[in-house]
Each structure stands twice: as C-alpha cells, then as structure tokens.
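A quick write-up on the structure given underneath.
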Amino acid sequence: MNTPRKTRRAVMAEILLLADPTEIRTHTDGVALAVSFDRIAELRSWLHLAGLNTPDLLSSEHTDTDDDGRPWQVMTAYPTLHGWKIYAHAKEYTAGPDLDATTVDRLAALAVA
C-alpha cells in the first residue's frame, strides 16, 4: 500500500510525541531522517509505539569495548515512516570499571559539601 509522504515537520513531531530522542537530523538527500536515542530500550519502545517493529524490520545489535575498557552495546534500525527512510541508532555503555574506595570517598565528600 502506497501512502502519501508526510512533511518532514509532521514526521519529526510524531517521533517527538512517541519518544524522547536525543537528536533528529535530516539527511542531505532529503528523503531520510537520522534519529538517535540514549538507550536501546528507548529505541525499541519507539519502534513498538510507532508500529514499526515488524518481522521484516532491518535492525542489528552489536557489542564491543572502547579503548579505555568500557563495554558498550549499539542497536540500529532502518524502518520507513510515512515515506521517510529512518536511520535509528542507540548506543549505551553496559558497565564501567569500578571506582576505587578512595575515589568513592572523595566523590561522596564533594556531594555533601
């Protein structure tokens, strides 16, 4: 079924009403939007609420570690929404190195100062 393409502003407004992205950008091609989220759960929630989480949705998940040893996970999804190609992305750090006791004590002292 071919539906008419909504305006960029209307699609952006719909995304904002359903989710809390950190960024929405228009690609220079004029037919695609990039949408970024802080958390993978937020991206998944938006896909569900927008009715885009279908079995044929092209998406991927990947885990890796930064140079400083912090592990992260990223999810990307490529749905089409009202005639617009969407490049959705979320990256989150899954854990970090534990702080040593001295650092924890110094941070606690700063927090109550």
Is any side-chain heavy atom of Ile86 less than 4.5 Å from a side-chain heavy atom of Trp46?
yes

Practice task
Any chance you could lay out the side chain to side chain contact (heavy atoms under 4.5 Å, CB included) test for Thr65 and Tyr93, step after step, and finish with the verdict?
Solution key: CA-CA 9 Å; Thr65 304; Tyr93 288 92; over 6 Å; no

- Task: Step through the shown structure and confirm whether more than 12 heavy atoms of other residues, nucleotides or ligands are within 6.0 Å of CG on Asp56.
- Result: yes

Q.
Check Arg25 with Glu23, please: is the shortest side-chain N to carboxylate O separation under 4.0 Å?
A. yes

Item checked: Pair Ser36-Thr22, side-chain donor/acceptor within less than 3.5 Å -> no

Before accepting this row, confirm whether a basic side-chain N of the pair Arg9/Glu14 lies closer than 4.0 Å to the acidic partner's carboxylate O. no

One should read off an interatomic distance between Glu42 CD and Leu18 CG, to the nearest 0.5 angstrom, of 13.5 Å

Does Asp105 reach the main-chain N or O of Ala108 with its side chain, forming a donor-acceptor pair under 3.5 Å?
no

- [ ] Measure the shortest side-chain to side-chain distance between Phe37 and Asp20 over non-hydrogen atoms and say whether it is less than 4.5 angstrom.
- [x] no

Go through the side-chain N and O atoms of Thr103 and Asp100 and say whether any donor and acceptor fall under 3.5 Å apart.
yes

When rounded to the nearest 0.5 Å, the distance separating CG of Leu107 from OG1 of Thr102 is 11.0 Å

dist Asp64:CG -> Lys91:NZ (nearest 0.5 Å) comes out at 8.5 Å

**Prompt:** Taking the six-membered ring where the residue is Trp, are the ring centres of Trp72 and His62 under 6.0 Å apart?
**Reply:** yes

For Leu47 and Pro79 the tightest heavy-atom approach is CD2-CG, 4.0 Å

Note, Gln73 side chain near Ile40 side chain (heavy atom, < 4.5 Å) | yes

Of all heavy-atom pairs linking Leu52 and Thr80, the shortest is CD2-O, 3.6 Å

Members sharing Tyr87's hydrophobic cluster, built from side-chain contacts under 4.5 Å between Ile, Leu, Val, Met, Phe, Trp and Tyr, are Leu58, Tyr78

Non-hydrogen side-chain atoms of Ile15 and Ile24 separated by less than 4.5 Å: yes

Note to self: Contact between Pro21 and Leu16 at the side-chain level, heavy atoms closer than 4.5 Å - yes or no?
What the structure shows: yes

Taken in chain and number order and not counting sequence neighbours, the residues that satisfy ring-ring contact (aromatic ring centres under 6.0 Å, His included) with His48 are none

inquiry  = Is any side-chain heavy atom of Leu33 closer than 4.5 Å to one of Met12?
reply    = yes

On a heavy-atom basis, the closest approach of Met75 and Ser59 is CE-CB, 4.4 Å

Worked verdict on Val74 versus Glu61 for side chain to side chain contact (heavy atoms under 4.5 Å, CB included): CA-CA 6 Å; Val74 67; Glu61 293 188 44; over 6 Å; no

All heavy atoms of Arg5 vs all of Val31, minimum pair found to be NH1-CG1, 3.4 Å

When every non-hydrogen atom of Ala34 is compared with those of His27, the smallest separation belongs to CB-NE2, 3.5 Å

Scanning both residues in full, the closest heavy-atom pair of Thr54 with Gly51 reads CG2-O, 4.0 Å

